[in-house]
Undergrad: 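One structure, as structure tokens, below. Some questions next.
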Amino acid sequence: MQIDPRHLLQLWAIVDAGGMSEAAEMLGMTQPGLSRTVAFLEKRLGEPLFLRNRRPMEPTPMCRDLVDLGAAVRRATARASDVAQSFRRGERGDIRIGGTPFFMDALVSAMVGQFQRTRPNVRIEQVYGYTTSLAEKIRAGQLDLAICPVEVFDADSDLTFDPILTGRNVVACRSGHPLLASDRLLPADLLRYPWIEPPAGSPLSADLRTALVNLGAEHVRINFSGASLAGILAHLAHSDSLAVLPFGVVFARRETDNITALPILPSGVPRALGFVQSKLMPPGPAALQLKMHVLSAFAGLKPEMEAYAQRCGVSG
């Protein structure tokens, strides 16, 4: 025999309120309608649910057991309402975010951790990729958000782009590199040292090649390649090699990895770094909350980043 959970909730209300009229008001029902429910249940169960002529209404032993189940229904209903509101507020849910490896590892992953401190019920899946593949995943509904560099953005695209910062590159080295002692650093001076190449196929690898050609290099002198961000930074901090890295990465890891930027900006394709999302499948509340958190975090970092760029001689 199945009993409608709503009927269990109504029995709980009668006992909790102490009477039919009070329970009906609590439930937003009429008193006759609630009385009909009790009569229907008693007929179906073949047992009385309340002792007659008692005030407040006193449940029978069987009714008390049903009332306990009704209390559980009430708790579950209240919990379901809380969960639904939490989803709408962005305090629950799943977020799938993708981004370029170096930038995500250097800056965004920490911001994601800060976000989850106040939203522990949000589950975040972070994946890596470059702009073209990330855009395809957005279109396929496999990602909610992507953070990647964009050279030229088509306003008529099915995607939207919200810039975070200018994606400028710098020439990075260890903090004690001999070139930092030069009073007048020339582009040719950089060619006396070997270079670290980012993973093949990455936009940063292409930027390195372009920078070396523009510096006048007759051949590319690479002495370390193919590593992750952690591997490149570790090698950079313990050698005299140089690397072309996003300024944001150097800024974020300047103290922990003992690196800095030389006062020469490598020429390259201008890009903006920002959020990409779908117009057709907008992100859910939790993803939008994460996006606003990251944008706010970068806005807070901007003055410090610009001050550091001026100290390194790479502002502008």
Side-chain angles (χ1 to χ4, degrees), residues 1-97 112-127 137-145 158 277-293:
M1 176 187 297
Q2 291 187 342
I3 298 178
D4 192 326
R6 292 174 298 177
H7 293 165
L8 295 174
L9 182 61
Q10 290 164 11
L11 292 178
W12 167 84
I14 293 169
V15 173
D16 186 71
M20 288 281 189
S21 299
E22 297 86 350
E25 183 178 356
M26 178 191 300
L27 296 170
M29 298 177 61
T30 64
Q31 188 271 336
L34 189 56
S35 296
R36 284 195 294 271
T37 296
V38 173
F40 167 78
L41 286 173
E42 288 182 331
K43 182 177 180 180
R44 188 176 183 196
L45 296 170
E47 295 285 344
L49 293 173
F50 293 94
L51 301 178
R52 304 305 178 192
N53 302 318
R54 299 291 178 92
R55 188 69 180 177
M57 294 183 68
E58 185 175 340
T60 62
M62 180 175 67
C63 185
R64 280 197 296 269
D65 286 346
L66 295 177
V67 166
D68 288 342
L69 297 175
V73 171
R74 177 179 177 274
R75 289 192 296 271
T77 302
R79 179 61 178 156
S81 178
D82 289 343
V83 167
Q85 292 184 28
S86 294
F87 271 97
R88 288 194 293 268
R89 292 193 299 263
E91 296 170 358
R92 284 180 175 272
D94 292 349
I95 303 173
R96 300 160 303 168
I97 185 170
V112 169
Q114 293 165 355
F115 175 82
Q116 286 191 297
R117 277 213 308 260
T118 58
R119 291 171 178 81
N121 292 318
V122 174
R123 180 182 180 276
I124 299 176
E125 178 185 358
Q126 179 175 302
V127 301
K137 284 183 170 64
I138 291 283
R139 290 189 173 99
Q142 297 171 354
L143 288 177
D144 302 302
L145 297 167
D158 58 331
Q277 67 185 63
S278 172
K279 290 180 182 177
L280 304 177
M281 297 177 286
L288 292 176
Q289 287 291 323
L290 174 61
K291 176 182 174 180
M292 296 307 297
H293 172 81

Undergrad: Between Ser81 (side chain only) and Ala78 (backbone N and O only), is there a donor and an acceptor less than 3.5 Å apart?
TA: no
Undergrad: Show, in sequence, the C-alpha distance, side-chain angles and deciding distance for Phe40 and Arg44, and conclude whether the side-chain contact (heavy atoms from CB on, under 4.5 Å) test is met.
TA: CA-CA 6 Å; Phe40 167 78; Arg44 188 176 183 196; 4.2 Å; yes
Undergrad: How about CE on Met292, more than 12 heavy atoms from neighbouring residues, nucleotides or ligands closer than 6.0 Å, or not?
TA: no
Undergrad: Is a donor on one side and an acceptor on the other found under 3.5 Å between the side chain of Asp144 and the backbone of Arg96?
TA: yes
Undergrad: Apply the test side-chain contact (heavy atoms from CB on, under 4.5 Å) to residues Glu47 and Thr60: give CA-CA distance (whole Å), side-chain angles for both, the deciding distance (0.1 Å), then the verdict.
TA: CA-CA 9 Å; Glu47 295 285 344; Thr60 62; over 6 Å; no
Undergrad: Show your working on side-chain contact (heavy atoms from CB on, under 4.5 Å) between Ile124 and Ile97 and close with a plain yes or no.
TA: CA-CA 7 Å; Ile124 299 176; Ile97 185 170; 3.9 Å; yes
Undergrad: Mind listing the closest non-hydrogen atom pair of Pro283 and Leu145 along with its distance?
TA: CG-CD2, 3.7 Å
Undergrad: Mind listing the closest non-hydrogen atom pair of Glu91 and Arg119 along with its distance?
TA: CA-CG, 4.3 Å
Undergrad: When rounded to the nearest 0.5 angstrom, what is the spacing between CH2 in Trp12 and CG in Leu27?
TA: 7.5 Å
Undergrad: Measure the shortest side-chain to side-chain distance between Leu280 and Arg139 over non-hydrogen atoms and say whether it is less than 4.5 angstrom.
TA: no
Undergrad: Nearest heavy-atom pair of Phe50 and Glu42: which atoms, and what distance?
TA: N-OE2, 3.8 Å
Undergrad: Is there a side-chain contact between Arg92 and Arg123 (heavy atoms, below 4.5 Å)?
TA: no
Undergrad: Restricting to non-hydrogen atoms, name the atom on Ala13 and the atom on Met26 that form the minimum distance, rounded to 0.1 Å.
TA: CB-SD, 4.0 Å
Undergrad: Using a 6.0 Å cut-off, check whether atom CZ of Arg74 has over 12 heavy atoms from anything other than its own residue.
TA: no
Undergrad: Keeping the roles fixed (side chain from Thr37, backbone from Gly33), state whether a donor-acceptor pair exists under 3.5 Å.
TA: yes
Undergrad: Evaluate side-chain contact (heavy atoms from CB on, under 4.5 Å) for Leu49 paired with Met62, printing each intermediate quantity in order.
TA: CA-CA 7 Å; Leu49 293 173; Met62 180 175 67; 4.0 Å; yes
Undergrad: Knowing that exactly one of Asp4, Leu66, Leu8, Ile3 qualifies, which makes a side-chain contact (heavy atoms from CB on, under 4.5 Å) with Leu41?
TA: Ile3
Undergrad: To the nearest 0.5 Å, how far apart are NZ in Lys137 and OG in Ser278?
TA: 15.5 Å
Undergrad: What are the two closest heavy atoms between Ile95 and Ala286, and how far apart are they?
TA: CD1-O, 3.4 Å
Undergrad: Under 3.5 Å, is there a donor on one side chain and an acceptor on the other for Glu25 and Ser21?
TA: no
Undergrad: Is it true that atom CZ of Arg6 has more than 12 heavy atoms of other residues, nucleotides or ligands lying nearer than 6.0 Å?
TA: no
Undergrad: Rounded to the nearest 0.5 Å, how far does NZ of Lys279 lie from CD1 of Ile138?
TA: 14.0 Å
Undergrad: Considering non-hydrogen atoms only, spot the tightest contact between Cys63 and Leu11 and give its length.
TA: SG-CD2, 4.5 Å
Undergrad: How far does CD of Gln31 sit from CE of Met29, to the nearest 0.5 angstrom?
TA: 10.0 Å
Undergrad: Report, as yes or no, whether the 6.0 Å neighbourhood of atom CD on Glu22 holds more than 12 heavy atoms from other residues, nucleotides or ligands.
TA: yes
